[in-house]
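Each chain gets a letter, A, B and so on, in the order its sequence line appears, and its residues count up from 1.
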Number of protein chains: 2
Amino acid sequence: MSTTISNTSTHTGLSMAPVVPTTGALTPLGLDEVRITDGFWADRQRVNGSATLPHVEHWLEREGWLRNFDLAAAGTLPEGRRGREFADSEVYKYLEAVAWELGRLGGDDALESRFRSVVDRVAAAQEADGYLNTRFGRPGQGERWSDLEWGHELYCLGHLFQAAVARERTSPGADDGLLGIATRAADLICEVFGADGIQSVCGHAEVEVGLAELARVTGESRYLDLASLFVERRGNGVLADIEYGRAYFQDDLPIREAEALRGHAVRANYLAAGATDIAVEHGDTGLLEALRGQWDRTIARRTYLTGGQGSHHQDEAFGEDFELPSDRAYSETCAGIASIMFSWRLLLEDRDVRYADHIERVLYNVVATSPSAAGTAFFYANTLHQRTPGESSPADEVSPRASSSERAPWFDVSCCPPNVARTLASLAAFVATSDDHGVQIHQFASATIDTIIGGAHGGRFRAELETDYPRSGVVSLRILEAPREAVTVSIRVPSWADDASLSVAPADGEDARDAQEVAPGYADLARVFAAGDVVELSFGMRPRVTHPDPRVDAIRGAVAIERGPEVYCVESVDLPGGDESLAEIEIDPDAGVEEAGDGRLTVALRARPVVDAAWPYAERFDAPRDAEPFTATIAPYHSWAERGPSTMRVWIPTTRS
Amino acid sequence: MSTTISNTSTHTGLSMAPVVPTTGALTPLGLDEVRITDGFWADRQRVNGSATLPHVEHWLEREGWLRNFDLAAAGTLPEGRRGREFADSEVYKYLEAVAWELGRLGGDDALESRFRSVVDRVAAAQEADGYLNTRFGRPGQGERWSDLEWGHELYCLGHLFQAAVARERTSPGADDGLLGIATRAADLICEVFGADGIQSVCGHAEVEVGLAELARVTGESRYLDLASLFVERRGNGVLADIEYGRAYFQDDLPIREAEALRGHAVRANYLAAGATDIAVEHGDTGLLEALRGQWDRTIARRTYLTGGQGSHHQDEAFGEDFELPSDRAYSETCAGIASIMFSWRLLLEDRDVRYADHIERVLYNVVATSPSAAGTAFFYANTLHQRTPGESSPADEVSPRASSSERAPWFDVSCCPPNVARTLASLAAFVATSDDHGVQIHQFASATIDTIIGGAHGGRFRAELETDYPRSGVVSLRILEAPREAVTVSIRVPSWADDASLSVAPADGEDARDAQEVAPGYADLARVFAAGDVVELSFGMRPRVTHPDPRVDAIRGAVAIERGPEVYCVESVDLPGGDESLAEIEIDPDAGVEEAGDGRLTVALRARPVVDAAWPYAERFDAPRDAEPFTATIAPYHSWAERGPSTMRVWIPTTRS
């Protein structure tokens, strides 16, 4: 009864990458094909491997979330179980992160041994029929599948599947048993939730994307079919109504009818990512069109300048169109990662540069913002305006809160740290893709590329990508080996790069091509490349003064500074007046913004002293302006809150308002 | 061991008013001394009595919250118990509302009988030792006082005490037994939580204010002492830390050290009200000074233009200073009422007009906004900006949500309807006060006043207050009877009334006083009054264009229209372009605002057509402006959402931004 799905592209479902569709415009390259070697992201990958992964494992152990599996195996649950209902999933995300890290490193004995040890503990907790969850199903616990709204059982399995997929792709045929654990659990839910089973879904989407990828790895189409059932059932009120409304878990509208992402921002993006997988595999153009429309509207109306998503603290949810308050920005780290998951899938399908532009925005301004430079503390929410310095989170305590003015080592709900870890460990897979005509560069990092270009005239393609981006806008690709036939190298020209040019310096000095202007989008260069040829994309990194759509009420009369992919912020540690003076500053948007080295900029600000009134609304509220502007240094948003508690704002009021 | 507190003012603790301190600058007048006879508030009192009170009782019965007491009496709990942990309190607030209504009406047999029937059901549920709560203490329930953070046991008792106080003041010595129920419960908690008892407090302040008032009614000082213990204990981390932080229940800072109200806005104001009672009774000037400071800072930095408080949906809490988003305004109806409770106590103590000004603002723009014109549907939260029309709340269904774009008949957490009911039923008590020198008018309504002015030269004072305020700014007080000695009539001149004048037309035509300019504050007129003398306060009701403090980021570049005590709003049903066009409008703040009759105004707006972009942030975002302004009608905010789903905004972007 099991049928298989077939992979028609050059790469198989076992390519060493997080998402491997069987069809689509672009073919992902695996961690064995692209390696980030230096620069902004290489630094973060190193910290992730050396500090964040051990940190996450330490806290999973310390908080008892790993031990929950031991207790399950020992048959002593529910006594002693610790953590929230979704604690199992953090262990699976950790496993996924380690699997990618092992792929990135090309193996590591100590890490491999830690990985296997955790898998063993998970394996011991699985029941005979494949059920795996430490929170349900035992005497004294809720029955299996009895709380689909909040129980997160299928959600946890989705992360288990993603971990198993990552493992199988980075260590095909490994004898640790993780893939078997995943398929036994998947087989069980195919029975329980199949066409004749429970006609409902999980309150937190995630199993869809896990099942779709598990289908790609195993070839089992019924996993994809179940994912499709889950996607189509949702939106028809199959879950109970709740205080936040069914939109919270996207059960308000069938996915084909929705016009924008809504409700819980992580749930919404995970669901959209899974639905994209299904639409791609099924060639479901109607579903794809609906998803593209939702992406468009969400980006146009429900996304922060940082690429972050989620305007509500209450339900960690999208607000309405243009409801994007800076000071209450939730912009959960996991929502940013989930948005990358959704966007990446559409990019592979459509080769539309806007998806790659958005991924870059989220990477620099959400993913890079969450972890501390040391990799051992994290932002869960990513506010765009911090009015008071707030308090430091103790380095050795769990934070009960998702948001604070400083990064915390761990949270009661600690989804973000392992989510950052798996994203950074697999980041090289988002740098480049291939198709039958050549190679596409989506993200800029010093990296090596070594892949086989498919198609009749394909062949091996090796190259070195070199850049100090985002410090400069020069990206060069040195060809080391290329097919004998012409191939096309495509390099993304960011949307804001209005002065980009592409040049070629051939190794043999012949047929050189002078720099030619290229417009935002993909700059394509078709050529028979020879080893030593260098393609160079170059664009200015002039700081930009950015204004909001007037409908984004919360930031009317304010501007933000951007430079390249980085959003900047004013942090009070850089203001002569300190924390309190942040409320007084104004910027003349027509005055210059200057480079100050090291990625920092200077802007001319002016203080408009506050007038303390007994009531903050009046027929006139004219505060005097200080005559003289002063120069202040601003730094990339992702680097904020590294110098102790401070106040901060991304959007700066203009002297015009 | 029981000592008594003594009442040194003219009135005793049995004055027919909600707050009767034993000392203070002003003496409250009871519902038997001031009756609202006509106009804005008389209409609402009528609807409250004829529609809202039966509505509330119907829903208390329908939802099983009343029946919980029957089940407790039958000994069958916890089976069948319905409602949240604080459901008992809604029954007590209903009793309090009915007690005031009976006082307001001077008795009503049918209502009296309904009141007694509910009291009987409550009485039957009380345990032998005085304990009374349907949610705790029985086999299968949590133990008594085992969940002080969230259990609301003491909170419920606080409302029981307030109900018993209202009853004793409106029907002294009534044989229904409610006062006995209250004192038995109060005696129990004096033992359990006294100096040698549990060293903690309730997660939701309220018992403090209930105990203080119960002390005033009974003369039992130990109730006041216990209230004082609760106030002083809180703020020292006696409750567990929670996701929202201990500020949520004001357990972060001792009350004497706090600089502003913070955390859950209802909790914060109830606590401050109770603390004021204690400070007044104890002559605790240090505590009073701290409370005044908190009131000042909260009004100056944490209050909406409507007088509403609470910027967070998540924890129903105050935001930080100047964090006042219009579109996410929570401004819970109960927080407005709680702010009146706090402000009224400070007004009685200090005779500072600012407290009365704020009470008026909250009454017109929060309390009057919550109930529908029919009195059978309510806003729980009071947003200042509705971006989408939203959905109607079915008239016969409980709303699971605290906020929606339309009023709902009842909520899962239904604190607001009975809170509105008790406030409207007792509203006459907030109109006027007396002291040994005369009478003070704080709120404007057509009303009769009949009281005894205390002091050596006092005596009976009867008068008719007449006004069609807020339609006009003319308030006249016709004296019907006055002491033979000179008394002072003081009438509040609202803070925005910059052209007010006071005149006297003596009955005998002699000693007339021409209109004299009077400044905002209390306009005092000392005189030997004769029957027929008419004192008239007159001020213009010119519409005002109000600007925000630049630190209220969310409304930068926008203005609001006010007229008298009423805040206005643009509602899409009044826009030619309908719901969507609300996002396009701008106002020229220098153009005129005209009267349109019936409390409506016209303003000149201009449409700035939106430019839909794929990304809402750009180096230029210049939308063309339509050349011609158009005239639109605007109406008081409290009347919005009475004409079907619509979009709405209080703050209107200016053409300058």
Counting only non-hydrogen atoms closer than 4.5 Å, does B:Glu619 touch chain A with its backbone (N, CA, C, O), its side chain (CB onward), both, or neither?
both
Summary of salt bridge (charged side-chain N to carboxylate O under 4.0 Å, His left out) pairs that have at least one residue in residues 302-316 of chain A, sequence neighbours excluded
A:Arg302-A:Asp321
Are B:Ile555 and B:His385 side-chain neighbours, meaning at least one heavy-atom pair lies under 4.5 Å?
no
Side chains of A:Ser331 and A:Thr306: closer than 4.5 Å at any heavy-atom pair?
yes
List the atom of B:Ile299, the atom of A:Ala614, and the distance in Å for their closest heavy-atom pair.
CG2-O, 3.7 Å
Closest-packed option against chain A by number of heavy-atom pairs under 4.5 Å, given B:Asp241, B:Asp296, B:Asp412, B:Val552:
B:Asp241
Which one wins on heavy-atom pair count under 4.5 Å against chain B: A:Glu584, A:Glu562, A:Arg542?
A:Arg542
Of A:Thr546, A:Val559, A:Leu305, the largest count of non-hydrogen pairs under 4.5 angstrom with chain B goes to A:Leu305
Heavy atoms only, distances under 4.5 angstrom: which of B:Glu243, B:Glu320, B:Arg387 has the most pairs with chain A? Name it, please.
B:Arg387
A:His312 and side-chain hydrogen bond (donor to acceptor under 3.5 Å, both in side chains): which partner among A:Glu323, A:His264, A:Arg328?
A:Glu323
Under 4.5 Å heavy-atom distance to chain A, tell me which part of B:His358 shows up: side chain, backbone, both or neither.
neither
Give, as side chain, backbone, both or neither, the part of B:Trp496 having an atom under 4.5 angstrom from any heavy atom of chain A.
neither
Could you tell me whether B:Arg606 and B:Glu586 make a salt bridge, using a distance below 4.0 angstrom between a side-chain N and a carboxylate O?
no
Of the listed B:Tyr244, B:Phe322, B:Phe411, the one with the largest count of heavy-atom pairs under 4.5 Å with chain A is B:Phe322
Please look at B:Ala613 and chain A and tell me whether the side chain, the backbone, both or neither of the residue comes under 4.5 angstrom of a heavy atom of that chain.
backbone
Heavy-atom pairs under 4.5 Å with chain A are the metric here; pick the option from B:Val413, B:Leu324, B:Val545 that has the most.
B:Val545
I'd like to know if the side chain of B:Asp251 reaches the main chain of B:Gly237, judged simply by a donor and an acceptor atom lying under 3.5 Å from each other, with no hydrogens or angles considered.
yes
Non-hydrogen side-chain atoms of B:Trp615 and A:Arg361 separated by less than 4.5 Å:
yes
What residue, out of B:Arg649, B:Arg551, B:Arg354, has the most heavy-atom pairs lying under 4.5 Å from chain A?
B:Arg551
Check each atom of B:Thr303 against the heavy atoms of chain A and say whether the ones under 4.5 Å are side chain, backbone, both or neither.
both
Listed by chain and number, what are the ring pair (Phe, Tyr, Trp, His ring centres under 6.0 Å) partners of B:Phe318, not counting sequence neighbours?
none
With a 4.5 angstrom heavy-atom cut-off, which part of A:Ile242 approaches chain B: side chain, backbone, both or neither?
backbone
